[in-house]
Number of protein chains: 2
Amino acid sequence: MADTPIYQLVKDALRARIESGALVTGDMVPGEEQLAADFNCSRLTAHRALRELADEGLVVRKRRAGTQVAARGSGVLIRIPSVREEIEGRGVAYRYELLACRHAVPGAAISEALSVDAKGRHLNVVGRHWAGNRVFQHDTRWINLIQVPAALEADFSTVSANQWLLENVPSSSVDHEISALAADARAATALEVEPGTALLRIERVSHLGQNAITHAAMLHPGALFSLKSERR
Amino acid sequence: MADTPIYQLVKDALRARIESGALVTGDMVPGEEQLAADFNCSRLTAHRALRELADEGLVVRKRRAGTQVAARGSGVLIRIPSVREEIEGRGVAYRYELLACRHAVPGAAISEALSVDAKGRHLNVVGRHWAGNRVFQHDTRWINLIQVPAALEADFSTVSANQWLLENVPSSSVDHEISALAADARAATALEVEPGTALLRIERVSHLGQNAITHAAMLHPGALFSLKSERR
DNA sequence: GAGTGGTCTAGACCACCCG
DNA sequence: GGGTGGTCTAGACCACTCT
């Protein structure tokens, strides 16, 4: 019948009680021993169910104090899809266009974001992502050549810098910042929109250990771009 | 010394091998038996380490085929903080201002998003969140009174609708959409910015089971708002 | 002190799937 | 068929924290 794992049954049962309102924020959830008895399973199985619910943020566990329903998320997680996925997912033809790929010294703002004092030795890659005959995204990327010397040998005319970095350079953490801004003359030309059009800007800095690997500024015409959410 | 759990040691060791590039996408990761032997622990402990790494998306596990390093994430998760947290986190005074709270019939766009045919029976709550003396966010919210009759008795002048809903109404899923748009006259007035200013717009629809609970449209002056990222 | 969660072991059976 | 991961048990010890 039910070949769903027991720990999953326990999770589902508790989640149902929380989502239905039978258990509300602060209420005590049955302990591991109790659940083990209720579901006729071992304590470890009950423990796993509670641990996973805690990982998902639905409950809070404290020694001695037991497990209680967590305050509902003050934050939400959303997913930023890869450009290519996003475009092809809409059934539109995807194309990447390389606009520039050169050695250059990043400006002050970028240098600071990358926290490098070593001026120079950076690769600046600029490109556009097309969705059919419209510009979907414009990228300006800086790659730290001291950290990623292999970037010199990559051919960014066939693969976007974004994709190449994802596939070839490990990173330990990535920071994002999303903001809105009005297109200046340069951005308007690059995106083929009217100056003053609202743009969505995503800034991304990735690190490996203590070292900044790359900085990317991505611009979207506001009307084109959206982000879909996730659980939690 | 190290009272860190064994499964955590195993995870850290494997994560280090992946992030350092010693193991790259597609490479095989040692199996459970092997790790159990290497770390002198039980198979379950090794299993837990691998399972959690798989949950985090770093590896992919297949029966018989073993565990291999996953292709690096084509997507990224970012966190949307609660407004209040975000403002107070910056050390600025937070204040919520209720602008309107009335029964009304949502327009076509909202009705569709809420997927309700039942016109009417909705509560429309409009408010502003202040960060010091600047408008940080403007909310327009629709609450399905059939699903959430208790909203009639809530006092939205002291608690923001957002917060009240989080604390009092369970939900099973939440969808978000982020876009950029230029402020029209109304939005400019509400946010106290110049018309045409780029705004960040977050649209949020929450559900309980099959039923849409609430729809919220949140507007930010572009320069004020940013979102910080998360792991994975 | 006592009760809760956190971790761990040794052993077991099953499901899946590649060769 | 056999090796891999997926799940489960029974029992154990420890750490933390509330009373």
Side-chain angles (χ1 to χ4, degrees), chain A residues 1-18 22-71 231-232, chain B residues 1-18 23-71 73 231-232:
Chain A
M1 303 285 158
D3 53 351
T4 54
I6 301 176
Y7 76 89
Q8 190 64 51
L9 293 177
V10 179
K11 283 179 67 176
D12 290 346
L14 292 176
R15 179 179 278 119
R17 279 197 238 174
I18 293 173
L23 291 174
V24 300
T25 302
D27 282 359
M28 295 304 301
V29 171
E32 300 184 354
E33 302 263 26
Q34 186 59 50
L35 287 173
D38 292 350
F39 287 83
N40 195 32
C41 64
S42 76
R43 205 197 111 197
L44 184 63
T45 302
H47 171 75
R48 178 169 174 186
L50 288 174
R51 176 164 45 82
E52 294 193 358
L53 288 174
D55 287 345
E56 292 167 20
L58 268 89
V59 302
V60 174
R61 315 196 70 194
K62 277 185 222 138
R63 290 178 151 116
R64 171 73 204 189
T67 301
Q68 42 183 328
V69 178
R231 78 220 120 109
R232 222 192 276 196
Chain B
M1 293 294 156
D3 53 351
T4 54
I6 302 175
Y7 76 89
Q8 190 64 49
L9 293 177
V10 178
K11 282 179 67 176
D12 291 346
L14 292 176
R15 179 179 279 119
R17 279 196 238 174
I18 293 173
L23 290 175
V24 299
T25 302
D27 281 0
M28 294 305 300
V29 171
E32 300 184 355
E33 302 262 27
Q34 185 60 49
L35 288 172
D38 292 350
F39 287 84
N40 194 31
C41 65
S42 77
R43 204 197 113 198
L44 184 62
T45 302
H47 171 75
R48 179 170 174 186
L50 288 175
R51 176 164 45 83
E52 294 192 359
L53 288 175
D55 287 346
E56 292 167 20
L58 267 89
V59 301
V60 174
R61 316 195 70 193
K62 276 185 223 140
R63 290 179 149 114
R64 171 73 204 186
T67 301
Q68 45 184 328
V69 178
R231 80 219 120 110
R232 224 192 274 197

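Atoms considered below: every heavy atom in the structure, side chains included; atoms not considered: hydrogens, waters and symmetry mates. Here is the naming used below: chain letters follow the sequence lines, and residue numbers restart at 1 for every chain.
Comparing D/dG1, D/dT7, D/dT17 against the side chain of A/Arg64 picks out D/dT17 as the nearest. Checked against D/dG6, D/dG3, C/dG5, the side chain of B/His47 finds its nearest nucleotide in D/dG6.
Using a 4.5 Å heavy-atom threshold, the side chains of B/Leu14 and B/Val59 count as separate. At a threshold of 4.5 Å between non-hydrogen side-chain atoms, the residues B/Val10 and B/Asp38 do not count as touching.
Atom C1' of nucleotide C/dC18 and atom CZ of B/Arg63 are separated by 14 Å, given to the nearest angstrom. Spacing between atom CD of A/Glu33 and atom P of D/dT9 amounts to 13 Å, rounded to whole angstrom units. In this structure, B/Arg48 places its CZ atom 14 Å from P of D/dT7, rounding to the nearest Å. What separates CD of A/Gln68 from P of C/dT4 is a distance of 14 Å, to the nearest Å. Straight-line distance from the CD atom of B/Glu32 to the P atom of D/dT4: 10 Å, rounded to whole Å. The CD-P distance, from A/Gln8 to D/dG6, rounds to 14 Å in whole Å. At whole-Å resolution of the value, CG in A/Asp55 and P in C/dG5 are 15 Å apart. In this structure, the NZ atom of A/Lys62 is 16 Å from the C1' atom of D/dA15, given to the nearest Å.
Distances shown here put every side-chain N or O of B/Thr45 at or beyond 4.0 Å from the OP1 or OP2 atom of C/dT7. Taking side-chain N and O atoms only, A/Thr67 has a distance below 4.0 Å to OP1 or OP2 of C/dG5. Listed pair A/Arg61 / C/dT4 fails the phosphate criterion, with no side-chain N or O lying under 4.0 Å from OP1 or OP2. Between A/Tyr7 and D/dT7 there is a side-chain polar atom (N or O) within less than 4.0 angstrom of OP1 or OP2.
One finds the CG atom of B/Asn40 at 8.0 Å from the CD1 atom of B/Ile6 (value rounded to the nearest 0.5 Å). Note that CG of A/Leu23 is 10.5 Å distant from CE of A/Met28, once rounded to the nearest 0.5 Å. Rounding to the nearest 0.5 Å places CD of B/Gln8 at 7.0 Å from CZ of B/Arg15.
Mapping A/Ala65 and B/Gly31 onto DNA chain D by nearest heavy atom places B/Gly31 closer to the 5' end of the strand.
Residues from residues 35-44 of chain B with heavy atoms under 4.0 angstrom of DNA chain D, sorted by number: B/Arg43, B/Leu44.
With A/Glu32 as reference, A/Arg61 is the one residue of A/Arg48, A/Arg51, A/Arg61 to meet the salt bridge (charged side-chain N to carboxylate O under 4.0 Å, His left out) rule. Of the residues A/Leu58, A/Val60, A/Thr67, the one that meets the side chain to side chain contact (heavy atoms under 4.5 Å, CB included) test with A/Val29 is A/Thr67.
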